[in-house]
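Whatever order the structure lists ligands and atoms in, that order sets their numbers, starting from 1.
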Amino acid sequence: MRQVNLGMIGGGTVGSGVYHALRLNGQLLASRIGVPIRIRKIAVKAFDEPRPYSIPRSLMTLDWQRVVHDPEVDIVTELVGGTTIARTMVLTALGLGKPVITANKALLSAHGEELFAAAKKNRTNLYYEASVCGGIPIIKSLREGFVGNRITHLYGIVNGTCNYILTRMKLEGADFDAVLKDAQAQGYAEAEPSLDVDGYDAQHKIGILASLAHGFWVKPGRIYVEGIRAITRLDMQYAGQLGYTIKLLGIIKAQPDGTGGRAPRIQVSVYPTLVPNSHVLASVNHVFNAVFVRGDVVGDTLFYGRGAGKDATASAVLSDLADAALDLTAGTKNRVPAFVPHARGGTVVPIRDVVSQYFVRLNVVDRPGTLARISRVFGDAQIGISSVIQPEGRQGGSVPLIMMLHEAPNGAVTRALRRIQKLPVVRGRPVMIRVENFQ
Ligand code: NDP
Ligand code: HSE
């Protein structure tokens with residue numbers, strides 16, 4: 001039985017999780033795949049950093065080059081993060097023909113095309129199950145399980161930190177900043193938490209899933225993104241009254257005018273969304289992620305699991321490790337290529353043309369004619385109002401006005417809200433949250 005040697009770069013939350021999981025289940029893994037895996041070296045930045053699981057000093061080095069260039073190292077993991085030094089690390093390992101496993105969605109999103117091309121050129125492979133949705137095997141499912149499907153819809157709660165914050169705000173009325181600190185302490189949040197709360201981490205992940213599902217590289221700049229900073233408890237409360245829960249959703253939808261798999265036209269976006277309480281995604285809480293995938297052959301499918309944290313993410317890295325070890329020892333590296341561009345001329349629909357329903361919250365002056373003036377602006381723009389809530393207020397005072405709008409293009413609603421904001425009966429900025437009914 002040939003042994004495979006692993007060289008790891010990064011021994012923090014995920015890296016130490018992998019070290020721990022291999023100690024725990026290394027023998028089980030070896031007995032299943034028939035290949036023992038041994039950690040040869042782990043590169044870190046500083047020996048004495050606190051880690052969720054301690055790593056013996058004898059295994060650690062401060063020089064990642066020693067890991068990558070060690071002729072005994074067969075497979076390299078990049079569990080460092082960021083898009084600068086991590087890119088050099090991955091390219092160096094691939095350049096030496098070594099398979100690389102990464103959890104780094106920011107890196108893949110920014111440089112995926114270059115990295116997959118480098119893997120191909122060097123006749124090796126880049127594995128990235130841990131980069132999207134922690135422990136949920138969504139990459140493998142899209143690459144292998146659904147290889148015979150056109151993916152028409154994909155809705156994902158793909159950022160554990162945001163879901164954790166939204167859940168605790170809703171269920172406990174918790175304060176945004178306090179919950180974010182807690183998510184950081186639990187190891188869910190990125191080193192730069194703006195990546196989570198401003199939606200960029202979800203943007204990276206949904207771009208990776210869109211590329212895989214539709215066969216052309218979807219760059220982050222083409223993905224419309226809104227984070228959760230502007231979501232208030234008031235919005236959660238009114239959404240609840242209307243039968244909805246607010247979730248940060250990544251959405252990928254094939255547009256009907258795309259030409260099958262050859263020139264897909266897709267919506268790819270990330271924004272806070274009102275999800276009907278009757279839909280399964282509304283009850284995905286805390287750090288859990290879920291991905292709802294609809295394929296033209298398979299129909300509806302659902303994946304659920306921990307989207308962040310040391311153990312769930314380690315589970316995904318171990319799955320890649322098994323694939324990489326088998327691909328190396330059995331010479332099967334093109335068994336299922338990591339990413340194959342197959343669509344020509346794929347396009348992403350601009351957000352202004354995306355059609356959805358809307359929740360709108362305004363702060364208005366409670367006086368006769370207010371509702372009529374606002375309705376007129378929507379009417380002029382051919383936007384229908386489906387329901388209105390206005391709590392009882394004091395004549396002449398300010399009062400929230402909540403409206404649900406029928407389907408309309410984003411551009412039309414944004415323009416109408418700009419006009420509405422200028423009306424003398426409206427105070428402050430309107431809040432607009434899209435509504436998804438999963439049709
Ligand atoms: P951490 O910050 O916990 O760990 C980063 C590790 O990289 C640390 O061990 C650090 O060393 C090491 N490191 C940093 N710079 C260097 C360097 N120049 N040379 C060698 N080692 C270096 O990050 P995470 O483990 O949380 O994240 C790692 C990757 O996994 C990121 O891409 C992240 O986006 C991704 N990811 C994270 C998840 C999570 O739940 N945390 C889930 C899914 C993906 P030292 O320990 O000495 O500081
Ligand atoms: N910060 C990320 C999240 C880690 O909260 O989902 C997992 O990718």
Is it the side chain (CB and beyond), the backbone, both or neither of [X] that lies under 4.0 Å from ligand 1, heavy atoms counted?
| X | answer |
| --- | --- |
| Ala86 | neither |
| Lys45 | both |
| Glu190 | side chain |

Give me the nearest non-hydrogen protein atom to [atom] as residue plus atom name, then the distance to 0.1 Å.
| atom | value |
| --- | --- |
| atom 5 (O) of ligand 2 | Thr161 OG1, 2.6 Å |
| atom 18 (N) of ligand 1 | Met89 CE, 3.9 Å |
| atom 8 (O) of ligand 2 | Lys105 NZ, 2.5 Å |

Task: Heavy-atom proximity to atom 35 (C) of ligand 1, best of Ala103, Ser16, Gly81 - done: Ala103
TODO: Just go through Leu195, Thr102, Leu79, Val287 and tell me whose heavy atom is the nearest to atom 29 (C) of ligand 1.
DONE: Leu79
Has ligand 1 got any nitrogen or oxygen that is less than 3.5 angstrom from a nitrogen or oxygen of [X]?
| X | value |
| --- | --- |
| Lys310 | no |
| Val14 | yes |
| Ala46 | yes |

TODO: Report yes or no: does a heavy atom of Gly307 sit under 4.0 Å from some atom of ligand 2?
DONE: yes
Open item on the list: Looking only at the side chains, is there a donor atom on one of Asp327 and Tyr127 sitting less than 3.5 Å from an acceptor on the other?
Closed with: yes
TODO: For the pair Phe288 and Tyr304, name the ring-plane relationship: parallel under 30°, tilted 30 to 60°, perpendicular over 60°.
DONE: parallel
- [ ] Please confirm whether Arg51 comes under 4.0 Å of ligand 1, counting heavy atoms of the residue only.
- [x] yes
- [ ] Taking the six-membered ring for Trp and the full ring for Phe, Tyr or His, determine whether the centres of Tyr155 and Phe438 are under 6.0 Å apart.
- [x] yes
Task: Within the 6.0 Å centroid threshold, strictly below: His279 and Phe292 - done: yes
Task: Under-4.0 Å heavy-atom contact with ligand 2, by part of Leu195 that carries it - done: neither
Task: Residue part near ligand 2, for Asn159, under 4.0 Å between non-hydrogen atoms - done: both
Task: Distance flag for atom 2 (O) of ligand 1, protein heavy atom under 4.0 Å - done: no
TODO: Please could you name the atoms of ligand 2 that Asp196 approaches to less than 4.0 Å, counting only its heavy atoms?
DONE: 1 (N), 2 (C), 3 (C), 5 (O)
Open item on the list: With heavy-atom distances below 4.0 Å as the criterion, list the atoms of ligand 2 near Glu190.
Closed with: 1 (N), 2 (C), 4 (C)
